[in-house]
Amino acid sequence: MTRERIVLFDTTLRDGAQTTGVDFSVEDKRQIALALDGLGLDYIEGGWPGANPTDTAFFAERPPLKTARFTAFGMTKRAGRSAANDPALAQVLDAQAESICLVGKTWDFQVRVALDIPYTDNIGNIAESVAAVVAKGREPLFDAEHFFDGYKANPDYAMQCIKAAHDAGAKWLVLCDTNGGTMPDEVYNIVAAVKDKLPAAALGIHAHNDTGQAVAVSLAAVDAGARQIQGTLNGLGERCGNANLCTVIPNLMLKAQFAPRFETGITTEALARLTSVSRLLDEILNRAPDRHAPYVGPSAFAHKGGLHSSAVAKDPRTYEHVPPESVGNKRIIPVSDQSGRSNLMARLAEAGIDIDAKDERVSRLLEEVKQREFLGYAYDGAEASFELLARRALGQVPDYFNVESFRVLVERRHNARGELVTVSEATVRLKVGGVDFHSVAEGNGPVNALDAALRKDLGKYSAVLADLRLVDYKVRILTSGTEAVTRVMVESADGKGNRWSTVGVSPNLVDASFEALTDSICYKLFRDGARA
Ligand SMILES: [Zn+2]
């Protein structure tokens, strides 16, 4: 049986760029576009040329895509002028792109309230704008804005709008749930009805996640006959985001409801890079990955409960719906205070540590882990600290450096211009291979100053540590017994794209931070094979 092709359209660089707190540079966009192309997406929407300087610059030097169609986004022409005389539309039509996706209104309420023009004028604008794309020799796609709300309010008018786009030559009619409030069964019924009324049209779906169902809505549309899905990496997008392609893609490729019926442009090998593409986006946005994201989240295949982890060690299918490798993720069996010896052994194997379960040192390590967890250490999500702890217990980690002392000053004072400022300064004294080092650094806070001083000069290790940076820092105050202790989790990354997490615990915030920071440095030195 031949499988039908589902076309995947990525809008991370356009709709995803609307996310609060997201501000892509031209270089960011280029990097993301190349990663999406490498994955096998069919369309990459680069942005809206002419709408802002970043998008204009991005289109001026389009990225060298191998297979994906580079697509410019724009709006149907304004009322009261011809398509040829609309400067905004002209910039889109002139963009260096194979395809042009134009959004237009299809909900009578929006035409009346937002545009304030006669219904027939809006239909004319759609037809004329799509025809202008055809005249330019580009492939036109039509994004039917608010289509589902429009269809529920006035099905005849909504159909007239998309029919106008279709008749003018639109290759795809993409039905948008712009406000994200439509339920999957409504989407199914409406897409099926449109398919019935316009059997010759190729339909797409563009769903927003305001009810937490953008992925379900997209799949329901496919079931009803849509053959293009628009979405974003990691579900980026305005408000609650767009349909998350990192969830849509594995659902299409790995689930029995879809995999035998449909194929995408993504190969099995490329699917195994999905997690790394998802993390690349987080990296560019300088965000920690969403731990609980389906398929690609760091916790998507993490097994904490003792019962779960011992069963997973016997056969992963006991608590995993798909193999983590299929999407390039990995299984994590965290050591927690619920864990027994089998859990610890599985975790050691995960860290690449080969040791006999009956070895005396395993019992001692288990006791030490339990003791530390009682003190407030958490190794779930601090795998690097766990690995160091285990390898130290086995005598595998050299003493890279010894910290003799550190001191941190926080001073609030008036500067030369009479402004009140708070300055932090840290001093670290340490020994590297018998040589004394003494570094002083300033920072915007005590931990930042300490980190700067610690890494300022580590002698022969400086080259190895040059690409190390902190990407996330979290503080938790815990109460154990009568005293409050502070737990600090630090997430670090390096230039090779590796990420690791370390933990420190102390009644003192600076002390706990220092412990997590030194663990991070030692882990990097160990993994890069630095010689002590
Ligand atoms: Zn949208």
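Only heavy atoms go into these numbers, but all of them, side chains included; no hydrogens, no water, no symmetry mates. Just so you know, ligand 1 is whichever comes first in the structure, and atom 1 is the first atom listed for that ligand.
With respect to the Zn ion (ligand 1), Asp15 has OD2 as its nearest N, O or S atom. When you scan the N, O or S atoms of His206 for the one nearest the Zn ion (ligand 1), you land on NE2.
Salt bridge status for Glu387 with Arg527: absent, with no side-chain N to carboxylate O gap under 4.0 Å.
In this pair, His321 and Phe301 present their aromatic rings parallel. The plane angle is below 30°, not in the 30 to 60° band.
No side-chain donor-acceptor contact under 3.5 Å links Thr182 to the backbone of Val187.
Arg476 CZ: 12 or fewer foreign heavy atoms inside a 6.0 Å radius.
The Zn ion (ligand 1) has no N, O or S atom of Asp143 inside 2.8 Å of it.
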